[in-house]
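So that the names make sense, note that chain A is the first sequence line, chain B the second, and so on, each numbered from 1.
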Amino acid sequence: MSKPSLPQGTRDFNAATVQKRQYIFQTIRTVFELYGFQPLETPAMEQLETLMGKYGEEGDKLIFKILNNGLDNPQKVTATAEGFQKILEGKNTTQITERALRYDLTIPFARYVAMHHGALTFPFKRYQIQPVWRADRPQKGRYREFYQCDADIVGSDSLLNEVELTAIYLTVFKQLNLGVEVKLNNRKILLGLAQVCGGEDKMIDLTIAIDKLDKIGWEKVAEELDRKGFSAEQQKIIQSYLEIEGSNESKLEQLSRLLNGNESAVKGIEEIQYVLDYHAQSGLAKNLVADFTLARGLNYYTGLIFEVKAIDAQMGSIGGGGRYNDLTSLFGVPNVPGVGISFGVDRIYDVLEEKNLFPASVEQNTKILFFNLGEAEAKEAYHLMETLRAKKIACEIYPDKSKFDKQFKYAEKKGIPNIIIIGSDELSKKECTLKNLTTGTQQIIPFDALATMEF
RNA sequence: GAGGGCGUAGCUCAGUAGGUUAGAGCGACAGUUUGUGGCACUGUAGGCCGUGGGUUCGAGACCCAUCGUUCUCCCCA
């Protein structure tokens with residue numbers, strides 16, 4: 001028997017970690033509900049067909065596929081062999097795999113809306129907090145199993161939704177006490193730029209190239225644009241576009257001048273302006289940054305796009321989202337516009353941990369440990385615990401009659417702040433000795449007085 | 001998908017140019033102390049040196065593969 005191990009990129013979470021993660025989940029969940037979103041859960045696995053082709057070529061490769069059962073069935077050897085042949089040719093086949101682990105929460109949500117659109121009340125607002133799986137190579141801030149927390153609104157074109165979703169970002173990170181920048185851009189602006197520089201069909205090439213700006217620098221981006229056939233004049237516009245700096249106000253103005261008159265860009269600028277205006281008074285507005293280099297890989301986005309970056313942290317984006325006009329048409333139900341955001345809990349955790357931003361209070365534990373000094377004493381302690389627990393005071397008794405030393409050390413290790421000693425003396429006087437381990441002080445408390453105390 | 005670093009006790013790590021029986025600190029356990037912890041002292045346990053193969057008279061050290069981990073690229077949360 002070899003040593004047990006975990007699959008690559010997966011983790012166990014100990015008590016302290018779970019509590020800190022719950023703190024993040026709870027913060028996000030509470031804010032989602034405060035904005036009128038309701039929960040949804042979908043299965044860990046989906047039909048492979050539901051997921052394939054939705055995340056681009058790279059994405060397809062990163063989907064965890066589930067091997068069909070019964071491939072070794074002698075009656076199916078021919079079909080299985082055929083299936084493997086197709087796999088080797090790079091094709092997918094239900095003969096080998098027909099299910100896969102979900103890759104994100106947005107596509108399963110779109111599938112859900114498509115399946116139930118007749119029964120849902122629109123606008124439909126749902127939030128979803130579940131793990132997703134990607135067959136990516138793990139590294140810092142990247143896992144093969146990680147949680148996303150999504151909130152989406154479908155069935156409404158209103159920009160008020162974008163306003164609310166950005167407000168959710170700002171509120172959650174304020175509550176988590178984490179400094180962030182919520183970047184805003186608009187696919188309509190990128191489309192406008194593409195129209196001005198070489199045509200709509202080059203939009204994808206263009207966005208991929210400019211998305212790399214902060215990584216490889218303008219020189220390399222220009223090289224790539226050259227390869228993709230952008231003229232010197234077009235590159236000059238793109239360069240000016242990327243060099244836009246200043247306040248949000250000033251950036252929008254510069255952009256407006258640069259792409260003068262382009263209908264799509266004008267619309268995109270107005271939409272960003274709309275969201276910024278709504279937040280102008282809030283005090284959190286300073287964290288909203290118009291960033292025209294933001295592209296986002298998923299090409300189902302059609303309007304405003306968002307990305308959240310923690311300030312002063314070596315970590316990729318910790319959240320992202322945007323508007324998609326027609327996601328459910330992938331599943332045969334057209335004309336359901338939507339907009340959504342996502343929080344990457346695992347990365348948020350890593351950043352909060354690195355910056356030491358978890359409040360001490362998240363590590364909830366036992367408040368009182370009753371020492372075990374024998375059968376009769378333990379029984380009395382048990383009755384007292386019932387009273388305390390009814391008052392929601394977490395307490396426990398050391399299960400074995402052991403030396404003081406051992407019981408003290410147990411309390412210490414678990415970080416239990418108080419211990420109660422009931423020995424034969426106390427038992428006969430109907431009182432107990434309460435000791436605070438942090439201060440070292442102790443007092444005698446009558447049994448009936450215990451339940452009225454605060455811990 | 002491409003490339004690099006690392007993997008020795010529960011934890012953090014030593015282990016020189018391959019050479020007998022693989023070490024330390026912390027932790028755990030026991031005792032000094034059968035109703036008052038944290039300190040100290042004494043002692044004890046704990047290792048298929050990630051796994052499998054190879055080179056060698058001899059491998060924890062070298063080679064190959066594999067798994068895990070970490071970092072970079074790609075892409076992303």
Practice task
For L352(A) and rA77(B), give me the distance from atom CG to atom P, rounded to whole Å.
Solution key: 19 Å
Exercise for the section: Might you confirm whether atom CD of E33(A) has over 12 heavy atoms from other residues, nucleotides or ligands at distances under 6.0 Å? Expected result: yes
Fill in the blank from the handout: In B/S/- notation (B base, S sugar-phosphate only, - none; protein heavy atoms under 4.0 Å), nucleotides 31-46 of chain B written 5' to 3' is S---BBBB--------
Practice task
Name the pairing partner of rC48(B), where a pair is Watson-Crick or G-U wobble with both distances under 3.5 Å, or state none.
Solution key: none
Handout entry: Short N-O contact, E46(A) and R99(A), less than 4.0 angstrom
Key = no
Practice task
Under 4.0 Å between any heavy atoms, over every strand shown, what does K309(A) touch: base, sugar-phosphate, or nothing? Just pick one.
Solution key: nothing
Practice task
Just say parallel, tilted or perpendicular for the rings of F306(A) and Y169(A), cut-offs at 30° and 60°.
Solution key: perpendicular
Practice task
For the residue pair F358(A) and Y23(A), categorise the inter-ring angle as parallel (less than 30°), tilted (30 to 60°) or perpendicular (more than 60°).
Solution key: perpendicular
Problem - From K379(A), M385(A), E380(A), residue fulfilling side-chain contact (heavy atoms from CB on, under 4.5 Å) relative to Y382(A) - result: M385(A)
Practice task
Sugar-phosphate means primed atoms, P, OP1 and OP2; the rest is base. With that split, encode nucleotides 68-73 of chain B 5' to 3' as B, S or - using protein heavy atoms under 4.0 Å.
Solution key: SS-SBB
Handout entry: Aromatic ring pairing F408(A)/F371(A), orientation class (parallel under 30°, perpendicular over 60°, tilted between)
Key = perpendicular
Fill in the blank from the handout: The Watson-Crick or G-U wobble partner of rC11(B), with both key distances under 3.5 Å, is rG25(B)
Handout entry: Atom-to-atom span, NZ of K183(A) to P of rA77(B) - whole angstrom
Key = 13 Å
Practice task
Rounded to the nearest angstrom, tell me the gap between atom OH in Y301(A) and atom C1' in rA77(B).
Solution key: 11 Å
Exercise for the section: Let me know the distance between NZ of K414(A) and P of rG27(B), rounded to the nearest Å. Expected result: 21 Å
Problem - Side chains of T97(A) and N68(A), donor plus acceptor under 3.5 Å - result: no
Handout entry: F109(A) and Y112(A) aromatic ring geometry - parallel, tilted or perpendicular at 30°/60° bounds
Key = parallel
Handout entry: salt_bridge(K429(A), D425(A)) N-O dist < 4.0 Å
Key = no
Exercise for the section: Could you give the distance separating rG25(B) and rG18(B) at their C1' atoms, to the nearest angstrom? Expected result: 28 Å
Practice task
Could you measure between the two C1' atoms, the one in rG7(B) and the one in rG50(B), and give it in whole Å?
Solution key: 6 Å
Practice task
For S317(A), report the nucleic acid contact type (base, sugar-phosphate, nothing); a contact means any heavy atom under 4.0 Å.
Solution key: sugar-phosphate
Completion exercise
Partner of rA17(B) under the Watson-Crick or G-U wobble criteria, both distances under 3.5 Å, comes out as none
Handout entry: Spacing of D60(A) atom CG relative to rG1(B) atom C1', expressed in whole Å
Key = 14 Å
Practice task
Under a 3.5 Å limit for both distances, which nucleotide forms a Watson-Crick or G-U wobble pair with rC6(B), could you say?
Solution key: rG68(B)
Handout entry: Gap in Å between the two C1' atoms, one belonging to rC64(B) and one to rA28(B), rounded
Key = 39 Å
Exercise for the section: Report the relative orientation of the aromatic rings in Y55(A) and Y103(A); use parallel for angles under 30°, tilted for 30 to 60°, perpendicular for over 60°. Expected result: tilted
Practice task
Pick the C1' atom in rU69(B) and in rU8(B), then give their distance to the nearest Å.
Solution key: 15 Å
Completion exercise
W133(A) atom CH2 is separated from rC75(B) atom C1', nearest whole Å, by 20 Å
Problem - Charged tip of R29(A) within 45° of Y127(A) ring normal and under 6.0 Å - result: no
Problem - Rounded P spacing from rA30(B) to rG52(B) in Å - result: 35 Å
Handout entry: Position toward the 5' end of RNA chain B (nearest nucleotide), R347(A) or K413(A)
Key = K413(A)
Practice task
In whole angstrom, give me the gap between the C1' atoms of rA40(B) and rC48(B).
Solution key: 38 Å
Handout entry: Strand partner of rU55(B), provided both Watson-Crick or wobble distances fall under 3.5 Å
Key = none
Problem - Nearest-angstrom distance, C1' atom, rC49(B) to rA22(B) - result: 8 Å
Handout entry: Watson-Crick or G-U wobble partner of rG60(B), both distances under 3.5 Å
Key = none
Exercise for the section: Quickly work out the I24(A) CD1 to rA77(B) P distance and round it to whole Å. Expected result: 17 Å
Handout entry: Whole-Å distance separating the CD1 atom of I305(A) from the C1' atom of rC76(B)
Key = 15 Å
Handout entry: C1' spacing across the pair rC11(B) / rG58(B), given as an integer number of angstrom
Key = 33 Å
Practice task
Sort out the partner of rC73(B) for me: Watson-Crick or G-U wobble, both distances under 3.5 Å, none otherwise.
Solution key: rG1(B)
